[in-house]
Peer 1: 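Below is the structure I would like to discuss, written out as structure tokens.
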Amino acid sequence: MPSTEVFLKIGLNHYLFLSAILFSFGMIAVLMRKNVIVMLMGIELMLNAVNLSFIAFAKELGNLNGQIMVFFVMTIAAAEAGVGLALAVSVYKKYKELNIRSFEQLRG
Amino acid sequence: MLMEAIGFYAIALFLIFFAFKTISSANPIHCACYLVLTMIGLAGVFYQLEAQFIAGVQMIVYAGAVMVLFVMVLMLFDIKTELRAFSRGLISGFLKIFSAAILAGFALGAATNSIGIVDEGPPKVMSTNVTRDLSILLYTKYLYAFEALGVMLLVVAVGVVCVSRIKGGTHAKH
């Protein structure tokens, strides 16, 4: 029976769908939230969704290069979180709030 | 096959629920806690996909280090629960929802169109010792990229300290 086969045989596409849903959630957080730190969390969510699709393809193709790429993406994501949080701290020192609107008032 | 499907759907529901809570909670501390749970669920998915080493690194780096960094920075600020967590504006809000829906549609459409993108040959076998093969690949073929990554982390550490020590911007009087 092919109809239940699609749902029961977990393959590449199921993981790609999960990855697409998580990526969309992260993107909605970046577009819609006001808080800078929650926007950074949305970026982390998007990076993790991409990592998931890399690993799903690595499993499907039996090729370890995808996992190496995930390793590099994780390192760069950690560095990016550090830089973003340092910028948030320095903006908070000046404006005493974490709204993304306060970035509009930066003057040197 | 049935057990595999049950495991996948359970962990997928877990992930989607906590990712939704991450982006919809009004209090940023709650967002960070839900994001930790999302990262742990993703480590579980990586384990299902036979990437044991990456699952461990995910737990250590994301659910450990990065999220501790987020929570520490949130503790530095005096943040009340936001009354309006989402940004204002009717037209811009509509445009944002619209563009988010279009991009989500693109992502799901790409996933749908990728059915059958990998030819169904005989199932590829991953080597039995993935971590060993991963380390051999990392220290031979990708050695220069690995070293460049180390240099980049050093530069980022120095840069972050410089940025967080700025007193009054670049035009401050000394």
Side-chain angles (χ1 to χ4, degrees), chain A residues 7-10 12-29 31-35 37-38 40-42 44-45 48 51-52 55-56 58-62 64-65 67-68 70-72 74-79 81-83 85-90 92 98 100 108, chain B residues 1-2 4-5 8 12 15-16 19-20 22-23 28 31 35 38 42 45-46 49-51 54 57 61 65-66 69-70 73-74 76-77 79 82 85-87 96 99-100 103-104 107-108 111 114-115 118 124-126 133-134 137-138 142 145 149 152-153 156 159-160 163-164 166 169-171:
Chain A
F7 292 104
L8 286 180
K9 193 171 182 304
I10 303 298
L12 175 65
N13 294 110
H14 294 76
Y15 289 104
L16 288 184
F17 268 112
L18 184 58
S19 162
I21 290 168
L22 289 179
F23 188 89
S24 311
F25 278 157
M27 190 173 55
I28 288 168
L31 285 176
M32 306 278 298
R33 291 297 294 247
K34 284 195 302 185
N35 192 317
I37 295 195
V38 182
L40 281 172
M41 288 183 199
E44 297 291 328
L45 205 54
N48 271 287
N51 282 352
L52 175 57
I55 289 196
K59 162 94 183 300
E60 191 71 20
L61 298 173
L64 276 178
N65 289 321
Q67 296 196 11
I68 296 277
V70 169
F71 192 77
F72 288 160
M74 271 183 184
T75 316
I76 290 175
V83 174
L85 289 172
L87 286 174
V89 168
S90 59
Y92 183 80
L98 273 179
I100 190 69
Chain B
M1 195 167 86
L2 186 64
E4 193 191 355
F8 173 78
L15 272 176
I16 290 169
F20 180 72
T22 304
I23 66 167
C31 293
L35 190 58
T38 314
L42 270 167
V45 179
F46 291 167
L49 285 168
E50 296 174 24
I54 299 288
V57 171
V61 172
V66 172
L69 194 67
F70 269 100
V73 169
L74 281 172
L76 284 178
F77 307 139
I79 295 176
E82 297 171 36
F86 292 93
S87 51
K96 282 172 186 169
S99 53
L103 281 164
L108 288 174
S114 67
I115 289 174
V118 179
K124 312 278 196 305
V125 279
M126 296 283 267
D133 291 353
L134 201 65
L137 208 57
L138 194 62
Y142 293 100
L149 213 58
M152 189 205 74
L153 278 180
V156 164
V160 164
V163 166
S164 59
I166 292 175
T170 49
H171 299 289

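Only this structure's heavy atoms are used, side chains among them; waters, hydrogens and symmetry mates stay out. On a predicted model such as this, the values are computed, not experimentally measured, just so you know. Quick note on labels: first sequence line is chain A, next is B, and so on, each numbered from 1.
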Peer 1: Does any non-hydrogen side-chain atom of A/Tyr92 lie less than 4.5 Å from one of B/Leu76?
Peer 2: no
Peer 1: Pick whichever of B/Thr38, B/Val66, B/Leu138, B/Leu15 has the most heavy-atom pairs under 4.5 Å with chain A.
Peer 2: B/Leu138
Peer 1: Using non-hydrogen atoms only, which part of B/Leu108 is less than 4.5 Å away from chain A: side chain, backbone, both, or neither?
Peer 2: both
Peer 1: May I ask you to check whether over 12 heavy atoms, not counting those of B/Tyr142, lie within 6.0 Å of atom OH?
Peer 2: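 Yes, OH of B/Tyr142 has more than 12 neighbouring heavy atoms, counting only those of other groups under 6.0 Å.
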Peer 1: Tell me, side chain or backbone of B/Leu69 under 4.5 Å from chain A's heavy atoms, or both, or neither?
Peer 2: both
Peer 1: Quick check on the interface: out of A/Val83, A/Leu18, A/Leu16, A/Ile68, who has the most heavy-atom pairs with chain B under 4.5 Å?
Peer 2: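 Among the listed options, the one with the most contacts to chain B is A/Ile68.
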Peer 1: Side-chain donor-acceptor pairs under 3.5 Å in residues 21-29 of chain A, sequence neighbours left out?
Peer 2:
residue, atom, partner, partner atom, Å
A/Ser24, OG, A/Ala20, O, 2.7

Peer 1: So how far is it from B/Thr22 OG1 to A/Arg33 CZ, rounded to the nearest 0.5 Å?
Peer 2: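 CZ of A/Arg33 is found 10.0 Å from OG1 of B/Thr22.
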Peer 1: Enter the distance from A/Asn51:CG to B/Leu42:CG here, rounded to the nearest 0.5 Å.
Peer 2: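 Here the interatomic distance stands at 8.5 Å.
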Peer 1: Under 4.5 Å from any heavy atom of chain A, what part of B/Leu153 do you find: side chain, backbone, both or neither?
Peer 2: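 The side chain, not the backbone.
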Peer 1: Examine whether an atom of B/Phe70 lies under 4.5 Å from a heavy atom of chain A, and if so say whether it belongs to the side chain, the backbone or both; otherwise answer neither.
Peer 2: both
Peer 1: With a 4.5 Å cut-off on heavy-atom pairs, point out which of A/Leu87, A/Leu52, A/Val70 contacts chain B the most.
Peer 2: A/Leu52
Peer 1: Do the non-hydrogen side-chain atoms of B/Phe77 and A/Val89 ever get within less than 4.5 Å of each other?
Peer 2: yes
Peer 1: Report yes if the side chains of B/Pro28 and B/Leu74 come closer than 4.5 Å at any heavy-atom pair, otherwise no.
Peer 2: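 Contact flag for B/Pro28/B/Leu74 side chains = yes.
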Peer 1: Pick one of side chain, backbone, both or neither for A/Ile10, based on which atoms fall under 4.5 Å of a heavy atom in chain B.
Peer 2: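 Both parts, backbone and side chain.
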Peer 1: Side chain from CB out, backbone as N, CA, C, O: work out which of these in B/Ala145 comes under 4.5 Å of a heavy atom of chain A, or both, or neither.
Peer 2: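 For B/Ala145, the contact with chain A is made by backbone and side chain together.
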